[in-house]
Amino acid sequence: MEILDANVAAEVADKLLEIQAIRLQPEKPFTWASGWKSPIYCDNRLSLSFPKVRSMIKEQLVKSIQHYFPNVEAIAGVATAGIPQGALLANDLDLPFIYVRSKAKGHGMENMIEGKIVPGQKVVVVEDLISTGGSSLKATQDLLDAGFEVLGMVAIFSYGFDVAAQNFEKAGVKLICLSHYEAMLPMAVQRKYITDDTLESLSEWRKDPAIWKQ
């Protein structure tokens with residue numbers, strides 16, 4: 001995983017904290033669907049309700065695509081949270097937009113991919129959040145199976161798990177994120193959402209979330 005710019009990573013993390021798209025509760029952790037206990041919950045869909053934040057994220061994602069994937073021919077959003085972000089980017093870049101369902105539509109054409117399928121078309125995949133990378137890489141594989149050439153993926157925020165880096169490397173998919181967990185922690189301290197005393201616990205969670213608070 002790469003980030004576009006360290007200053008951008010800090011700014012994006014700060015804005016996500018400000019609008020409470022990122023919430024931190026180290027003393028009363030959230031429980032994920034996997035059963036993991038987590039001190040953080042990230043819902044970047046909230047950024048869509050804040051025009052200035054939405055525009056800032058869109059502009060930085062556009063810059064990421066233009067810098068890392070200049071040969072892009074289409075944008076592919078990952079359902080559901082990657083759909084609005086991807087549509088915004090495709091509009092700004094004046095490119096076709098498609099999106100990938102989590103599972104095939106159960107009626108009609110039973111599509112997995114919505115939009116015009118053009119075999120050989122160079123696409124960049126858009127996600128809002130990267131955890132382990134499993135669902136994101138499944139969408140990438142669906143695009144490859146449909147005949148697209150996947151140049152890479154851009155995302156707003158990553159938890160920075162080692163397993164995610166390993167999964168993307170194994171799949172051969174380049175991942176560019178605007179911000180990540182490590183960039184967020186000092187912003188959270190600065191905003192007094194957490195204290196220096198809780199930083200160690202928060203850092204330990206990212207290293208091994210499966211056993212944190214067990």
Side-chain angles (χ1 to χ4, degrees), residues 1-17 19 21-22 32 38 40-48 50 53-69 72 74-93 95 97-102 122-144 148 150-185 187 206 209:
M1 184 198 77
E2 296 184 41
I3 58 169
L4 178 63
D5 178 89
N7 291 328
V8 170
E11 181 184 10
V12 170
D14 187 55
K15 291 301 181 184
L16 293 176
L17 286 164
I19 65 173
I22 291 178
W32 287 1
S38 169
I40 182 173
Y41 184 79
C42 183
D43 182 4
N44 293 325
R45 288 168 292 196
L46 275 173
S47 67
L48 298 166
F50 296 84
V53 178
R54 181 181 69 213
S55 294
M56 182 266 288
I57 287 173
K58 178 191 67 175
E59 289 166 6
Q60 295 302 335
L61 286 172
V62 165
K63 287 181 182 178
S64 297
I65 292 171
Q66 290 173 330
H67 179 76
Y68 288 97
F69 311 112
V72 62
I75 300 297
V78 179
T80 58
I83 294 175
Q85 301 292 349
L88 289 169
L89 300 185
N91 191 63
D92 263 32
L93 291 164
L95 291 173
F97 176 69
I98 57 177
Y99 69 86
V100 187
R101 292 177 173 273
S102 57
K122 297 177 174 65
V123 300
V124 171
V125 185
V126 179
E127 263 285 25
D128 73 324
L129 176 68
I130 303 295
S131 53
T132 63
S135 60
S136 304
L137 290 170
K138 178 186 178 300
T140 299
Q141 188 58 54
D142 290 334
L143 288 163
L144 291 170
F148 289 97
V150 177
L151 299 181
M153 183 179 297
V154 296
I156 298 172
F157 190 83
S158 169
Y159 291 125
F161 295 143
D162 288 341
V163 66
Q166 293 164 7
N167 287 339
F168 275 89
E169 184 177 0
K170 183 178 179 180
V173 176
K174 188 175 186 65
L175 172 63
I176 308 299
C177 292
L178 295 187
S179 190
H180 52 37
Y181 191 75
E182 290 300 316
M184 178 275 299
L185 291 178
M187 296 297 102
R206 192 186 65 79

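None of these values were measured; they are calculated from a predicted model. Hydrogens, waters and symmetry mates are skipped; everything else that's a heavy atom, side chains included, is used.
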Review point. Are S47 and K15 close enough, and set up right, to give a side chain to side chain contact (heavy atoms under 4.5 Å, CB included), and what steps lead you there?
Key: CA-CA 9 Å; S47 67; K15 291 301 181 184; over 6 Å; no
Exercise for review: Dump the intermediate steps for side chain to side chain contact (heavy atoms under 4.5 Å, CB included) on V150 and Q141, then the final yes or no.
Suggested key: CA-CA 9 Å; V150 177; Q141 188 58 54; over 6 Å; no
Practice item. Could you please spell out the steps behind the side chain to side chain contact (heavy atoms under 4.5 Å, CB included) verdict for L143 and I98? Key: CA-CA 10 Å; L143 288 163; I98 57 177; 3.7 Å; yes
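For K63, the side-chain contact (heavy atoms from CB on, under 4.5 Å) test picks out L4, Q60, with sequence neighbours left out. With sequence neighbours left out, F50 forms a ring pair (Phe, Tyr, Trp, His ring centres under 6.0 Å) with no residue at all. Scanning for side-chain hydrogen bond (donor to acceptor under 3.5 Å, both in side chains) contacts around R54 gives an empty result, with sequence neighbours left out. Annotation: side-chain contact (heavy atoms from CB on, under 4.5 Å) contacts of E59 (sequence neighbours excluded): S55. Scanning for side-chain hydrogen bond (donor to acceptor under 3.5 Å, both in side chains) contacts around E182 gives R206, with sequence neighbours left out. Every residue two or more places apart in sequence or in another chain that forms a side-chain contact (heavy atoms from CB on, under 4.5 Å) with A21 is listed here: L16, I19, N44, L46. Residues passing the side-chain contact (heavy atoms from CB on, under 4.5 Å) test with L151, sequence neighbours excluded: F69, V72, K122, V124, E149.
Rounding to the nearest 0.5 angstrom, the gap separating the CG atom in L129 from the CZ atom in F157 is 7.5 Å. Here the straight-line distance linking atom CD1 of I3 with atom OG of S179 works out to 7.0 Å at 0.5 Å rounding. To the nearest 0.5 angstrom, I65 atom CD1 is 4.5 Å from L89 atom CG.
Evaluation of the side chain to side chain donor-acceptor pair (under 3.5 Å) test over residues 5-14, restricted to residues two or more places apart or in two chains, returns D14-R191. Identified under the salt bridge (charged side-chain N to carboxylate O under 4.0 Å, His left out) test for residues 123-144, with sequence neighbours left out: K138-D142. Residue pairs meeting the side chain to side chain donor-acceptor pair (under 3.5 Å) criterion with at least one partner in residues 158-171, sequence neighbours excluded, do not occur; the list is empty. Contacts classified as salt bridge (charged side-chain N to carboxylate O under 4.0 Å, His left out) and involving residues 79-92 (residues at least two apart or in different chains) are given here: K58-D92.
Checking each of L17, I22, V12 against M187 for a side-chain contact (heavy atoms from CB on, under 4.5 Å) leaves exactly one that passes, namely L17. When each of T132, V173, V78 is paired with L137, the side-chain contact (heavy atoms from CB on, under 4.5 Å) condition holds for V173 and for no other. Partner M153 forms a side-chain contact (heavy atoms from CB on, under 4.5 Å) with one of I176, L175, V123 and no other, that one being L175.
Across W32 and I40, no two heavy atoms sit closer than the pair NE1-O, 3.7 Å. Taking both residues in full, the closest heavy atoms of L144 and F148 are given as CD2-O, 3.6 Å, listed atom of the first, atom of the second, then distance. Scanning both residues, G133 and A164, for their nearest heavy atoms gives N-CB, 4.5 Å. A pairwise comparison of heavy atoms in S131 and F161 identifies O-CD1, 3.5 Å as the closest pair.
Using a 4.5 Å heavy-atom cutoff, the side chains of S64 and L178 are in contact. Taking the side chain as every heavy atom from C-beta outward, F168 and I130 approach each other to under 4.5 Å.
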